Each structure stands twice: as C-alpha cells, then as structure tokens.
Amino acid sequence: MLSHTSQKSAQTLLRGASRCIRPAMTTRGYAEHARPLDKTTTFGGKTTVTLIPGDGIGAEVSESVKEVFKAVNAPIQWEQVDVSGMEIGDKHMEDLFRESIASVKRNKVALKGILHTPVERSGHQSFNVALRQELDIFASLTSIKNLPGIETRHKNVDFCIIRENTEGEYSGLEHQSVNGVVESLKIITREKSERIAKFAFAFALANNRKKITCIHKANIMKLADGLFRNTFKKMAENYPTLECNDMIVDNASMQCVSKPQQFDVMVMPNLYGGILSNIGAGLVGGPGVVPGCNMGNEIALFEPGCRHVGLDIKGKDQANPTALLLSAVMMLRHLGHHAHADLIERAVLGVIAEGKTRTRDVGGDATTQQFTRAILDKVEQL
Ligand SMILES: NC(=O)C1=CN([C@@H]2O[C@H](COP(=O)(O)OP(=O)(O)OC[C@H]3O[C@@H](n4cnc5c(N)ncnc54)[C@H](O)[C@@H]3O)[C@@H](O)[C@H]2O)C=CC1
Ligand SMILES: O=C(O)CCC(=O)C(=O)O
Ligand SMILES: [Mg+2]
C-alpha cells in the first residue's frame, strides 16, 4: 500500500493520467498522450504551438517541419522562440528563455529542438533541464522502433523508454567540499518515483503494451535506486495484467544491444534514460530518426527522443529531420489531428522505405532540403 500522502498524490496523478493518456490509434503504434484539449490556445480552428528550434541543426530541421506542415495544411500556428544555450550569461538569452517558458505555459503544447550546454563552463544550468523542471514535464518518452528501409542488425525492435525527467542525477546539485573533493547529489524521492511508475503503468495499459521493466542500480545505490525500484514494485501490485521485471542498468545496456526484442516498456531514473535512449537510437538508425516527448499533467513538449544538438553539422544541410518530424506527428496525434498526422507519417516513412532519398546519417547522400522535398512530393502522391 502507498503511504497516506502518497495515496493522495497518486490519486491526483491517477486523475491526471487517465485524462493524460489515451489509447494509441496510430499507424506506427506511437504512444498517444493527451491533455485536455480545451486548454490549448485555439483560434479560427488553428492551435497555437510553441516552437523552439534550438541550437545546432535545430533551425534546419524545424524548417523542414514547417514546410511539411504547410504543405498538408496542418491547423497549427507556430509561436517561435529562438532561444539558445550557446550564449552563457547573456541577458537577452535569459530573457528569451523566460519567454519560451511563458509561451509553453500559455499554449500547453510545444515542439522543441535541443539547446546546447557548453561542457567547459561552470555555473550555467542546462536550459533543457531547467525547462523540464520548471514546466514539470516529468515523463520523458522515447520510442525505439525499426523503420522499414533502414538496415539494422536487429529486427522487430519496438520498445519505449520512460525516463524520470525532473530529478535524479540531473538535479544540478554539486559542490566542492574541499579542494579536489566534489559532491554531486542525486535526488530520488518517493513522490516522483511513484508518479513516474504510475505514468509508466498507465501508459503501458493505454498503449496495449504487455511488459514493464524497471531499470536501476539498486545493488550499489541501495537507498536512492532502492527507493525507485521498491516504489515500482509496489505500484506493480495494482497492475496484475502487466508482466513486470527489473534489471540492473549495466546488464540492461548489454541486453539492449544483444536481445532488444525482450523489452516493451522500460522505466528508469533520469541518467539511465539518457544512456539507454542513445543505445536504443543506435539500434534503429541513430539520433536522426528517434522521436520523443515530455509529458506533464497539463503540458506536452515534443522533441527528438535522444536529444542531440548536432553542432558539428550545423548549417551544412546534412541533418536528418525525421526525428523532429515524427515527434511533430506525435504532437498532431496528441492534439487530435489524426488525418494530418497519418499523412505526414506515411510520407516520411514512405520516403525512407523507398530508399532513393536518404540523408548521410542513414547511409545516403541527400541533403536535408532534398529529403524534405522528397517528403513533399510524396505528400502530393498520397
Ligand atoms: N552537448 C549538449 O549541449 C547537450 C547534450 N545532450 C546529450 O548529450 C549526448 C551527446 O550530445 P552531443 O555530444 O552534443 O552529441 P551531438 O549533438 O554532437 O551528436 C552526435 C552525432 O550525431 C549526429 N547527429 C545528431 N542528430 C543528427 C541528425 N538529426 N541528423 C544527422 N546527424 C545527427 C551529430 O552530427 C553528431 O555527429 C546526447 O545524449 C544528448 O542527449 C543533450 C542536450 C544538450
Ligand atoms: O541539456 C543538456 O545539456 C544535457 C541534457 C541531456 O543529457 C538530455 O537532455 O538528455
Ligand atoms: Mg542525454
């Protein structure tokens, strides 16, 4: 049984989850999450969505999404905020960051690229992480699925990574107690472990998934990951129809690259999600093809599932826009625009399956613009 206070928050969450998650009705079986649609900003049949292109390849792949949305007449009005994580300490950027948060809070739905966080500077919190914490978009979802046409070592890969998005190793609490000794705090709370476990089970049921694996390192972090794992196990008692197991993160990484078909839904603390979503992306074609989203009780923010900035190819017209396009497809489904979502998805997957026009990351030589053009042509044919 859950404690009294936890029961209360679990009940709140239950209400949130039941309205937050609707069954998938998708051609690819992507999760469809939803928040009450009446809270979106909709005028004249168009829903206003915050667009944060981000750094690196963000501008180019966002351009691709905008072109495709225009071609299919998707009922979306973009509210674009060009915030960047590159300019540390810049007052204008801090203002834009606040503006992006205000915009997402207002619109409740966003599409986002990735903001860069320089490794070498201290005293600068990642805008990506700050955004997730401030908006309390606590559940990160990455869909790892083979795309027909992209040759991979493993076939029939289809699993979802659900990652706690607001605490754990990303708490940003570090200090040097004495010179040469750094303490970095990982925060795991029962409340947030319960809400992510609850989310994962509700998600699995709503999306006709059969099995949930909790990933942890409770053999070493007995208190922190022990709490995460025990909370998951308690929650599992409420879901007798779902098969549950747990796995240490080291083994899970090995299992992922050797027998990925054993996984269906995986739930885990923050950093393990970052690592496993990257391993997962490697299984199915790389960061350019994996979509994702971040869900809160009211806000949904869609962004590429393994969150790469791509500074090295910025402005070179080489980026694969598929990850952002498929994230945008998830967003359209979230908003109930199924016909537009299906059309874009069929066009994107159709071009990939044909294999004539492919970006370099998946073995071709097409530019971002050529790949986008091929999708637009495909839309015309469908
Ligand atoms: N460095 C940062 O500022 C941030 C890093 N991260 C995380 O750190 C990890 C590694 O990040 P980085 O080293 O910055 O990786 P990165 O952004 O340099 O990406 C790695 C490689 O994948 C390629 N790539 C990524 N997306 C692509 C696309 N759509 N099309 C074609 N090629 C693409 C890049 O060009 C690059 O060669 C990731 O897991 C990411 O989630 C997350 C947010 C910010
Ligand atoms: O924002 C960052 O700099 C890193 C965040 C990260 O690793 C992630 O979003 O997966
Ligand atoms: Mg990461």
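First listed ligand is number 1; within each ligand, the first listed atom is number 1. Bear in mind that the values here come from a model prediction, so they are computed numbers and not experimental data.
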A319 touching ligand 1 at heavy-atom level, < 4.0 angstrom: yes
K105 backbone acceptor or donor facing K108 side chain under 3.5 Å: yes
Subset of ligand 2 atoms that lie under 4.0 Å from at least one heavy atom of R132: 8 (C), 9 (O)
Where ligand 2 meets R163 - atom numbers and elements under 4.0 angstrom, heavy-atom basis: 8 (C), 10 (O)
P287 N/O under 3.5 Å from ligand 1 N/O: no
Proximity to ligand 1 by part of I57, non-hydrogen separation under 4.0 Å: side chain
Proximity flag Y170 to ligand 2, non-hydrogen atoms under 4.0 Å: yes
Electrostatic pair K66-E63, nearest N-O below 4.0 angstrom: yes
Lys NZ or Arg CZ of R132 over F127 ring: under 6.0 Å, within 45°: no
Atoms of ligand 2 close to R307 [distance to a heavy atom under 4.0 angstrom, numbered from 1]: 8 (C), 9 (O), 10 (O)
Nearest-option assignment for atom 34 (C) of ligand 1, heavy atoms, candidates D312, V290, V309: D312
Main-chain N/O of V157 paired with N146 side-chain donor or acceptor, under 3.5 Å: yes
Parallel, tilted or perpendicular: rings of H340 and H337 (30°, 60°): perpendicular
Ligand 1 versus I114: contacting region, heavy-atom distance under 4.0 Å: side chain
Distance-only N or O hit between ligand 1 and H308, under 3.5 Å: yes
Candidate with minimal heavy-atom separation from atom 39 (O) of ligand 1, of V61, D361, N278: N278
Residue T117 vicinity, atoms of ligand 2 by number, heavy atom under 4.0 Å: 1 (O), 2 (C), 3 (O)
Passing candidate, side chain to side chain contact (heavy atoms under 4.5 Å, CB included) with N128, options H116, R307, K112: K112
Min side-chain heavy-atom separation V178-Q176 under 4.5 Å: no
Ligand 1 N/O within reach of N128 N/O, cut-off under 3.5 Å: no
Side-chain heavy atoms of S143 within contact of V290, under 4.5 Å: no
Proximal atoms of ligand 2 relative to N128 (non-hydrogen, under 4.0 Å): 1 (O), 2 (C)
Where ligand 1 meets G288 - atom numbers and elements under 4.0 angstrom, heavy-atom basis: 28 (C), 29 (N)
Contact atoms of ligand 1, heavy-atom distance to I313 under 4.0 Å: 31 (C), 32 (N), 35 (O)
S103 side chain to T50 side chain, donor-acceptor N/O pair below 3.5 angstrom: yes
Region of H308 that comes within reach of ligand 2 [heavy atoms, distance under 4.0 Å]: neither
Aromatic contact, F201 with F232 (centres under 6.0 Å): yes
Ring center gap for F302 and H334 short of 6.0 angstrom: yes
contact_flag L115 ligand 1 heavy-atom lt 4.0 Å: yes
N/O separation below 3.5 Å, G310 to ligand 1: yes
Those atoms of ligand 2 less than 4.0 Å from some heavy atom in S126: 1 (O), 2 (C), 3 (O)
Sidechain-backbone polar pair: K356 side chain, A353 backbone, donor-acceptor under 3.5 Å: no
CD/Q369: more than 12 non-hydrogen atoms of other groups inside 6.0 Å: no
Ligand 1-proximal atoms of P304, by part, heavy-atom distance under 4.0 Å: neither
Any C306 heavy atom less than 4.0 Å to ligand 1: yes
